[in-house]
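Order of the sequence lines fixes the chain letters, A, B, ..., with proteins taken first and strands second; residue numbering starts at 1 for each chain. Just so we're clear, the structure is a prediction, and the values are computed from it rather than from any experiment.
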Amino acid sequence: MNRMTLKLWCSLAALSVAAPAFADEGDLVEKVAVRNRLYSVKGRWEVGGNFGLSMLPTMTDHYNLNVSGAYNVAEWFAAELRIGYAITRLTNLANDEVRVKQQTTAPEVSDLSNLWQMTFNTVVGARFQPLYGKINLLAELPVHFQLYLWAGAGLGYFRRESAVFCTRGTPRNCDEWHTKGQVGPLFSLALGFRFFIANHHGVKIEIRDWSFLDSYTEKAKRSDVNATNPEGTGGTLRTGLTNVVQLDLGYTYIF
Amino acid sequence: MRSFLILAALLACTTATALPLSAPALGRQLVLAQSSDDDEDDPAPAATTPAATPTPAPADKPATTTPAAATPATSTTPAAAAPVSSTPASEQMKLVSGAPLNNPNVAVHTVEMKQFSDSGKREVVLYPLAVQINGKFSQHVGTMGSFLWHLQENFALMVTGGYNWYRDESAFSAEINDKLRVATEAASALLMTWGVLGGVEVTPFYGKFAFFENALARFSVVINGGAGVGGTRVQLKPRTQVGDRISPATYGDTNTLFMAQLGIGFRVQLGERFTIRVEVRDVVYTPSVERINGCDFDDLTRMETRVGSGGTADQAMTSASCRKLEFVGFSETDPTYPNSRNISLARNLVKNPSSDVINNVGLYLGASFLF
């Protein structure tokens, strides 16, 4: 678990801590005001679309387009399927700074971590939505919302473009970087709000983390790197976990 | 810049959710979903009541339910408008907190009632943990605090500040430096040590939520902004492994900078005097690294020359602001590392002065006391 994962978990845990911090139940007016849900979702299906924008891109950038379908088993729980495709690229930082400015004199060469890019993705998850609230906008318009925590897993297709191993040219002036692709497991965790616009419509805003396995070669012999042996020889394969944290905006239609 | 844009988008999205909701539209959809015990704000329209049914009480005047309205025999009372309700007429007319809450045809603006008023109160906030969440080249963790004076219900003056007790280069910065010898520009990797800012906080939105079907909590959305100053430093030598031991990184102080801050968060009320706060704040500053420990390029060149000829840095002729003693002796964290080695490192950093706009976005977790 790397630092990014820790930060995310800390953030989500901290936000969850606020939930049980309740004042004493007030008078009857206060109880009726929120507890009687205007928008009941129990037993209802829903479909939606989502757009995710990377919040903290370093070497890779993802723009994720998703469609989703869900069934609300209870007011506080739903099962959801999300299928999507992410438009990805290496960032300007990776292309214009790291690749170009690297000093490649050491006999051993190591690739960088977190270079896998998620493209196709599908996850099945559980949405835990125990908080139903109402907020007053500018003292006039009450807007109803749900706060939810989402967790799920699935599969994705990932591709990787090296920042170090060049199969044609030199790393500082490379015509073709070493690339590879694979299918792998995918995990997702989110915390978000769903605002009800009407009985059948809602908009979502959430912070979503996509986690997938990372692997890269370290300490390979630079002299052996060539087109037929793109990652050299003698290197060790390091593994880890990559996190892509996104701001996700979505719409949902509730049947 | 992206972080700032995302923060702005969060603000915009929060506000935008209100835009499609005109009051009449809200009223129509409420009719579709509202059960007899809903609390919502609209009267029953003609479509759901007989044409001869009298118009119920206006939505924004729940307090106008007078004893006259509680007379069931009067045909113009709300009770007469709900003959199909399962709630007995007497129950419908029962006043709860001054309103016939059980009458489905009477609108009650319950969410507008705030249980505790902030107006005129002072608030002391402690954020034991403020964690940077967008650390590309640097990473900060600190403890912050705020003092607010609520001049009005939704407006407060604010003084905020704190100290980052952990500030270091990020794992990404260390990786590209270690593997590829790509050094981050000094201004981009500048580390913020402390900051003091003054500004305002507004609470335009407030609401409440239910946890499952039982407990209730009240909260408000806080938006704050301000300006002030902060101290910064820059890493000179990265953390390195020397044999079996680790030689810690070394740092030099840089300028005190002008800073601005924008934040948004939630304040959950715990009784009359306590709240829990969860905020995201973006502290923006524009560093330009031209001096390190008060020494400019010429000072550092003189000190380097002096050390090269067998002397010590404090024997060099420098400007008055240059703290030469920072480059004398050995490092406090590594007794084998002479501070004079930092001279050439610092000189290289200020040789080509760098500048950047840094968005230090942090998650602030805290609690406050009102008095």
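- Looking at A/Phe128, the atoms closer than 4.5 Å to chain B (heavy atoms on both sides) all sit in the side chain, from C-beta outward.
- In this structure, B/Lys179 contributes its side chain and A/Val109 its backbone to no donor-acceptor pair below 3.5 Å.
- Interface residue B/Phe137: only side-chain heavy atoms are found under 4.5 Å from chain A.
- Residues B/Lys136 and A/Leu93 have side chains in contact (heavy-atom distance under 4.5 Å, counting atoms from C-beta outward).
- Only the side chain of A/Glu218 comes within contact range of chain B, judged by heavy atoms closer than 4.5 Å.
- B/Ile176 contributes atom CD1, which lies 9.5 Å from atom OG1 of A/Thr58 (distance to the nearest 0.5 angstrom).
- For A/Glu46, the side-chain hydrogen bond (donor to acceptor under 3.5 Å, both in side chains) partners two or more places apart in sequence, or in a different chain, are A/Asn72, A/Arg127, A/Arg194, A/Thr252.
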